[in-house]
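What follows is a set of notes on a single structure, which appears directly below.
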Protein chains: 2
Amino acid sequence: MPEAAGGAGGRYHRVMGSGEVSKHTNGYGQSAPRATAAMVAARAGVSTATVSLVINGKTAGRVSADTIEAVQRAIAELGYVVDGIGSSLARGGSNIVILVAPDVANPFYADVIAGVRGALGDDYQLLLSVTDAGKTPEPGDIRKLFSLRPAGLLVDAPGTDFLAHLAPVSPMVLLDAPGIDSTAPSVNFDVAHGARELADHLAGLGHRRVAYLDAVTGTGTFRLRRDAFLARAVERGLKTVADAGAKVDIAASAAAFADAWPRWAPAGVTAVVCATDTHAYGVFAQARRAGLRIPDDVAVAGFDDLPYSATSTPGLTSVRLPAAALGRAAGSQLRRLMEGMPVEESRVLLPSRLMVRGSTDPSHPGRA
Amino acid sequence: MPEAAGGAGGRYHRVMGSGEVSKHTNGYGQSAPRATAAMVAARAGVSTATVSLVINGKTAGRVSADTIEAVQRAIAELGYVVDGIGSSLARGGSNIVILVAPDVANPFYADVIAGVRGALGDDYQLLLSVTDAGKTPEPGDIRKLFSLRPAGLLVDAPGTDFLAHLAPVSPMVLLDAPGIDSTAPSVNFDVAHGARELADHLAGLGHRRVAYLDAVTGTGTFRLRRDAFLARAVERGLKTVADAGAKVDIAASAAAFADAWPRWAPAGVTAVVCATDTHAYGVFAQARRAGLRIPDDVAVAGFDDLPYSATSTPGLTSVRLPAAALGRAAGSQLRRLMEGMPVEESRVLLPSRLMVRGSTDPSHPGRA
DNA sequence: CTGAAAGCGCTTACAG
DNA sequence: CTGAAAGCGCTTACAG
């Protein structure tokens, strides 16, 4: 319970002490006195209502050319910019769209963001909210975000119990949130399809025993990846072992593999499937340290198909998930919602597919 | 010039048609009617002023225990959450801090963000604004952001002319913005130091002719990296060539290298230094395709020391830039500014250092 | 200890 | 074509 003013508080207000620079000396990025619509109105000799009409381009048949001209001059002279807060309060909401994601600094999101941006266009302002590393977005975080009155919310990879305690107050679309039961529309990857292709691929290569290195966050997509892969692997007669996990981090994953391999190797494991490519990079690093050849001693595969996976030596076999399409689909769903139109389809499923590279396929050109 | 209501407009307002779900059926993440302080006040039998005091924890000696209790019950029953917009308008500003970065989906930013978050604490809400891929933040973007009345702004890697047309209206700190002349405090990497170490390293290895693969955005840090490296290389008697560039993208960089190598090889180039590790990954990929051995046929190095650089085969020699420290320093500078305290030092310089790996050093253990 | 009132900066019917 | 007024949801002196 933060206290907001006075003393050590005064958190987000500028508190001026005697020795400090004043607003007018513009010491360190301090505010120049902000121009308001009232100042513009006074200068142009009109009312604030007229200023508002001009700013919002609603002058057709309502404001004379001369007045428009005068207002625009005043705006230019004063460097006036509409105050988003006053505007939002009057309109009943902002034009901000917030994308909530656990891991935006993952290269995967470059494409997601680009997709969202494209679908949203210029009418909305896209802002991102990152949860703490490795944590899924929680209801409390979202509630804080709702308090900003965003025009809409895009929530990526929420925890499975995410919506239990959340009364949605803005249009909201869920991304990559399999297994979340919600009235909000969602866009997901058909990750099970790629997971099955991967199991088939490994079975076809002659592996008999495969290990699964899981991600330890409670995200639905990771559960789905694992379960779909393991189920198909068993169907194909593979023995499976899934007793290791790590957060989405190269070093953590390397450590998990270092810990598990002494169990896995004697048990006859010849392939390791990782919940994400990032995990796979950790396995790569540790395997190299341990003198294991990939794929000869151990085959490695991941999910996501990050850009680096096509580049590494060997290339990493991975289930490709179409990130840009995810962003586009979610963005346009949300846009319809925000504009009061029904969404075409409340649950969109995007295809995934296996990219085979040298980390599993000894005959792949990119082999080390 | 968007028009905001009616017809095809009504951009960020929900426009209800006859066939649509109503607010009360909560069709797709539509708003449940939002509880206001007035509703809480009515229910608790107090004034909104009292509700505000309770919410902000300013009750000491001002509100009786019974009243507090009653207000809190009403808040709970109604699920009331303070409206950030109304609150910000009344207070004169929000508690939002916006980090503007050209490339947040770069693994580099995971640490920057964590650092900022740590320094800012819980009193501020951190949101990220991403510019279009490969574009540096522009004054227009920032102006839109200012209109949100953020408590503060953190601007990463702005273009060199960034501040020319910008009247700062909120506290602002610049990150990784060498060469930007501004009254705003800045936190930079001493990237020149690492660049010089790299030149020394290559000279020591016996290279006589090195190429520099530049980044094509006009960001100050890239110019500094290049100039510092090339200057020292020349001092060390190396011949340099710097006639190639690409955006920060593996594929684009691979293409640039494919284009340049046929010139460079005959000219005797034996080492390629890249503006970023991402560029270097592209060179890796293309070199492999072309059958070049690293470092035997061509040594490769980069800047940033991304996590993947320690993992690749060979490991990538890179100038490490302390991302978390950058975020921490910038965050705490901004915090002081927002709280009206003078910053300790208006220009902070963080050390960089060379990480030598197998991509340049044939004797490195991680060599392919 | 509590509330009425003013005000933050806009936008939008409404009246003229 | 234009403006006075109300209102969006809060917070903060101020008066009691």
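Each chain gets a letter, A, B and so on, in the order the sequences are listed, and its residues count up from 1. Below, each value reflects all heavy atoms present in this structure, side chains not excepted, and no hydrogens, waters or symmetry copies.
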Which one, C:dT2, D:dC8, D:dT11, comes nearest to the side chain of A:L89?
-> D:dC8
Within the structure shown, what part of the strands sits under 4.0 Å from B:A37 by heavy-atom distance: base, sugar-phosphate, or nothing?
-> sugar-phosphate
Taking the side chain of B:T36 as heavy atoms from C-beta outward, which of D:dG7, D:dT11, D:dG9 is closest to it?
-> D:dG9
Which nucleotide in the set D:dG3, D:dC10, C:dT11 lies at the smallest distance from any side-chain heavy atom of A:A49?
-> D:dG3
Considering only side-chain heavy atoms of B:S52, which listed nucleotide, D:dC10, D:dT11, D:dT2, is closest?
-> D:dT11
Sugar-phosphate, base or nothing in reach of B:V46, heavy atoms under 4.0 Å | sugar-phosphate
Ignoring the backbone of A:T67, work out which of D:dC8, D:dT2, D:dC10 is nearest its side chain.
-> D:dT2
Complement of C:dA13, any strand, by Watson-Crick or G-U distances under 3.5 angstrom | none
Look at the side chain of A:R328 and the backbone N and O of A:A119, then say whether any donor-acceptor pair between them is shorter than 3.5 Å.
-> no
Side-chain N or O of B:T50 less than 4.0 angstrom from OP1 or OP2 on C:dC1?
-> no
Between A:R91 and C:dT11, does any side-chain N or O lie under 4.0 Å from OP1 or OP2?
-> yes
Quick one: is A:K58 getting a side-chain N or O under 4.0 Å of the C:dT12 phosphate, OP1 or OP2?
-> yes
Of the listed D:dT11, D:dT2, C:dT2, the closest approach to the B:S64 side chain comes from C:dT2
Please state whether the phosphate of D:dT11, meaning OP1 or OP2, lies under 4.0 angstrom from any side-chain nitrogen or oxygen of B:S87.
-> yes
Side-chain N or O of B:S47 closer than 4.0 Å to phosphate OP1/OP2 of C:dG3 | yes
In the structure shown, which nucleotide is the Watson-Crick or G-U wobble counterpart of D:dA4, with both distances under 3.5 Å?
-> none
